[in-house]
Amino acid sequence: MLETSGYDIVKCEEKGVFTMPKMLILDGNSLANRAFYALPLLTTSDGRPTNVLQGFLTMLFRLEQEQHPDYWVVAFDKTKATVRIEQYAGYKAQRKATPEGLRPQFDYLKEILAELDVPMLELAGYEADDLIAAVTKQAEAQGMQIQVYTGDRDALQLISPKTHIYLTKKGISEVECYDEHALWERYQLRPHQIIDLKGLMGDTSDNIPGVPGVGEKTALKLLWEYETVEGVLANAEKVSGKKLQSSLKEYADQARLSKTLATMLTEIPLEFSLEDFIYRRPQANKVLPALNKYDLRNVTRIWQERHSKDEEARQDTAEMSLATWPVRELSEEGWLTQIKQWQNSKTALTLTCRYERTGLQGGRWLEWGVAVSGESFKLSREEVSSKVSEAWLELLANEQVPKILADSKTVDLLLGNENKCLKGVSFDLGLASYLIQASRTKFTPLDLVKEYVPMLDAFDSIAEEAAALAQVAPKYQKDIENLGLEDLLHTIEEPLSLVLAQMERQGIGIDIEQLKHFGEGISITLKQLEQDIYDLAESSFNINSPKQLGTILFEKLGLVAAKKTKTGYSTDAETLEELRSAHPVIEKILDYRQLNKLMSTYVNGLLAQEKEGRIHTTFQQTVTATGRLSSTEPNLQNIPIRLEQGRQLRKIFHATEPGYLLLSADYSQIELRILAHYSQDPLLCESFALGQDVHTRTAAEVFGVSLEAVTSDMRRSAKAVNFGLVYGLTEFGLSRDLGIPRKESKFYIEQYFKRYSGVKYYLESIVAQAKQDGQVRTLFNRLRRIPELYHANRVQRQLGERIAMNTPVQGTAADIMKLAMIQVAEGIKPYRAAVLLQVHDELLLQVAPEDLKKVALILKETMENAFPLSVPMTVDCKVGPNWYDMKPYQPNDNKE
DNA sequence: CGCATCACG
DNA sequence: ACGTACGTGATGCGC
């Protein structure tokens, strides 16, 4: 992604420069060089190098998409004999020859740019720098906003209020924006002083000599004092340091010459008109063959993505300035009439709500914005009678009246506080936006509108907000349609959001006294452990500080550090476990860590969230990359279970109604079953069809023994393999997990894939497919884009491959669970029962004992049959008075 | 605010 | 030679 400093973005918007024509100038040589060294040397199938093409074009297309230039041009050096060599024979003498793989790529690049209709500029005897300076000068005179992209810091001299320089950072995938302010932050220099800086310090890559012995630090100090090269030379007597003084005197001429060399020439003998640089949309019929000629599949994908989105949104972006929908003011009578009219409306109302946070779920609504058919309205609690507001809330609960909202779950929660509810959601913009782009993080109405109207900066009123949402809604609808996400949105995510609202409102019962008691016990042990640790370490320190702990263990006590983190010694549980026998303090620290976690995150954390004997989590529906839910404030999806001590904590969770039981149901091996379904691997499918223990069967296959001969160790290894499969198996991961040598884990994996060749084939195909499409989908069409697959860094690319293997599996499991939740919520309506929590593959309900049998049966059957796969789905139920004391429970459909 | 750590599926 | 299992959220430290 293109990154710019936050400062500049703000600055650009404040100045309203979007109204000025925007020109992008790219330094072809500099960027090509950067790309060449930053990217691995990719080639076409017949061996022509293409990494520069890939890097440069990727950047070009991103800029095109993100910046929407009105003008653009790429400048190239034509370096046979530059003007500067006439000035100074040594100029660029040190520069190394263009490397083998790079040189031909300039020709390829120019050829492609020509097909793209991207204007290019070069002039014999001049460098790209000078052309850029000349174009910039002319463009400034025309009142344009100019962005120069280069890796060459010389360009900083061009900075002005209208011209910003974007310097490539690492490689070329990131750029850093410099304007006057940013330059000052970095160097405390004005733009025109850049040439003085070069004049003094020189530049080895261009072989500009500068003054010997003067580097960046000295040069800056001098310039802060005397401003220019001339100023410094005139005051050479006064500078501190004899050596420096004499250097400045001796090399005065060389400094002046260096400054001249560093000055970009704005006067060049070239007739050009800015009209030549007008941006023209590249034509698919020319672009695609040109990219294809160099096997640039990734670039093609990027271009097509942009292009197709563009085609759809072309008029959008062009005409997508928001219309002002007049705000209708209504009297009491007016409101009642209007609401009555809307009660029969077939046209969707777009609603948005402002509210204050109160102690209750969600809060209290303050005002509504309504937009429909080119008009907008504001309804505020303060200004309307209770009669109007009653009528209004009734309208919200009318399923027949279609409604478009940004966040229907929150709205439903708000209404729930007044015993009202939301019905008739026809389009949830936040959920739509998440399905289109799961990596998004912000879903406020403003963010949602900005997606299509980027220059927007704030809404003046809530009525305007509603009008804006109403106008972007069709764009979202179209995108959802184009991406094939309609069903997922309307049959899963939207209905689910109201189920989640119910769950959040219900909350889960919590025994505060017991929790406090639990905390007191921990506190005592914790104090004792703390003292023991200080005694054993013979010093007191903050045990919660990994830094201090590392110092004590690895310096004071002289233990041998096994691992390092970027900031110092690693002290995580895995590392400490290795050191357990090395020093008695280690065990105490491990115990301390465990208890401290329980105390701070769970005891204190949960106590802080308790309200009237309940805890209400918030389920996030637009956070994860795979389609799972997440749970926050507090997170009730990570309550301890693996270790007994933490597991005890589950005793405090109970039903919200007295006498009710907790009923849990979890999918058994859902991810492996989905893998079986996807891969159709005969062994894996058979294993599930026969109801075998899948890990035991896997062990039998991998170790080549009968089911009866599988030892617990073999099963453990097989389980780790199965586990790893879903994540994108690696030798490293498996060896670490099992604590075995790489060779051994490699052997297991080989054996596994020999037997389960269908799984192997599936995983290979999904990765290949992902590389082609740049994305994967779940069984329900949920989409995840995987830019990591095309990352310059190999580690990132491999991560991309594992994501491609994992996401369809994890995501489909999430889809199935969501579908089941909707059906379960519906199915248990006639009974005294409620869904309380979802923990990815588990649902937790509460139920009146009398309804247990029926509800458990409905629960199990609904979950198992929510979406039949080619292997059976199994759900295990448990029941108990609290979340700890849960006993297996098999509902059966025998008639009573 | 990023990092390290650790809780869950 | 390098750095790696997939997906989350909360806490505390230290810059």
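Every chain is numbered from 1 and lettered A, B, ... according to where its sequence line falls, protein lines coming before strand lines.
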Does anything in [range] come within less than 4.0 Å of DNA chain C? Heavy atoms only, and list the residues if so.
| range | value |
| --- | --- |
| residues 636-650 of chain A | none |
| residues 802-825 of chain A | A/Arg802, A/Ile803, A/Asn806, A/Gln810 |
| residues 595-602 of chain A | A/Lys597, A/Ser600, A/Thr601 |
| residues 564-580 of chain A | none |

By side chain to side chain donor-acceptor pair (under 3.5 Å) - contacts of [X] (at least two apart):
| X | result |
| --- | --- |
| A/Glu644 | A/Gln648, A/Tyr884 |
| A/Gln846 | A/Thr656 |
| A/Asp693 | A/Thr696, A/Arg715 |

Contact class for [X] vs. all strands (heavy atom < 4.0 Å): base, sugar-phosphate, or nothing?
| X | answer |
| --- | --- |
| A/Glu731 | nothing |
| A/Asn604 | nothing |
| A/Val726 | nothing |
| A/Arg593 | sugar-phosphate |
| A/Thr626 | sugar-phosphate |
| A/Glu671 | nothing |
| A/Ala720 | base |

Student check: side-chain heavy atoms of A/Lys547 and A/Thr567 closer than 4.5 Å |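 No. Closest side-chain heavy atoms not under 4.5 Å.
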State, with a plain yes or no, whether a side-chain heavy atom of A/Leu729 is found less than 4.5 Å away from one of A/Leu763.
->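 They are not in side-chain contact.
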Covered region of DNA chain C, 5' end to 3' end, by chain A [heavy atoms, under 4.0 Å] | C/dA1 to C/dC15
Quick one: pull up CG in A/Leu606 and CD1 in A/Ile639 and give me the separation to the nearest 0.5 Å.
-> 5.0 Å
Could you spell out the base pairing of DNA chain C in dot-bracket, with Watson-Crick or G-U pairs whose two distances are under 3.5 Å, [ ] crossing and | to another strand?
-> .....|||||||||.
Looking at A/Thr626 and A/Arg782, what are the two nearest heavy atoms and their distance?
->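 The pair with the smallest heavy-atom distance is O-CD, 3.3 Å.
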Rounded to whole angstrom, note down the P distance from C/dC2 over to B/dA7.
->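 Looking at atom P only, C/dC2 and B/dA7 are 31 Å apart.
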Closer to the 5' end of DNA chain C via nearest nucleotide, is it A/Thr632 or A/Arg628?
-> A/Arg628
Aromatic contact, A/Phe867 with A/Phe780 (centres under 6.0 Å) = yes
Step by step, work out the salt bridge (Lys or Arg N to Asp or Glu O under 4.0 Å) result for A/Glu788 and A/Arg802.
-> CA-CA 10 Å; A/Glu788 290 88 347; A/Arg802 293 194 296 270; over 6 Å; no
Distance, rounded to the nearest Å, where A/Leu837 contributes CG and B/dC8 contributes C1' = 13 Å
All side chain to side chain contact (heavy atoms under 4.5 Å, CB included) counterparts of A/Tyr762, not counting sequence neighbours = A/Leu675, A/Tyr678, A/Ser679, A/Ile766, A/Pro808
Side chain to side chain contact (heavy atoms under 4.5 Å, CB included) partners of A/Tyr727, counting only residues at least two apart =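 Partners of A/Tyr727 under the side chain to side chain contact (heavy atoms under 4.5 Å, CB included) test: A/Phe723, A/Asn806.
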Answer yes or no: are there more than 12 heavy-atom neighbours, outside A/Lys556 itself, under 6.0 Å from its atom NZ?
->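 Atom NZ in A/Lys556 is crowded, with more than 12 foreign heavy atoms closer than 6.0 Å.
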Residues 746-758 of chain A, side-chain donor-acceptor partners within the protein, below 3.5 Å, at least two apart:
residue: A/Tyr748; atom: OH; partner: A/Glu744; partner atom: OE2; Å: 3.3
residue: A/Arg755; atom: NE; partner: A/Glu701; partner atom: OE1; Å: 2.7
residue: A/Arg755; atom: NH2; partner: A/Glu701; partner atom: OE1; Å: 2.7

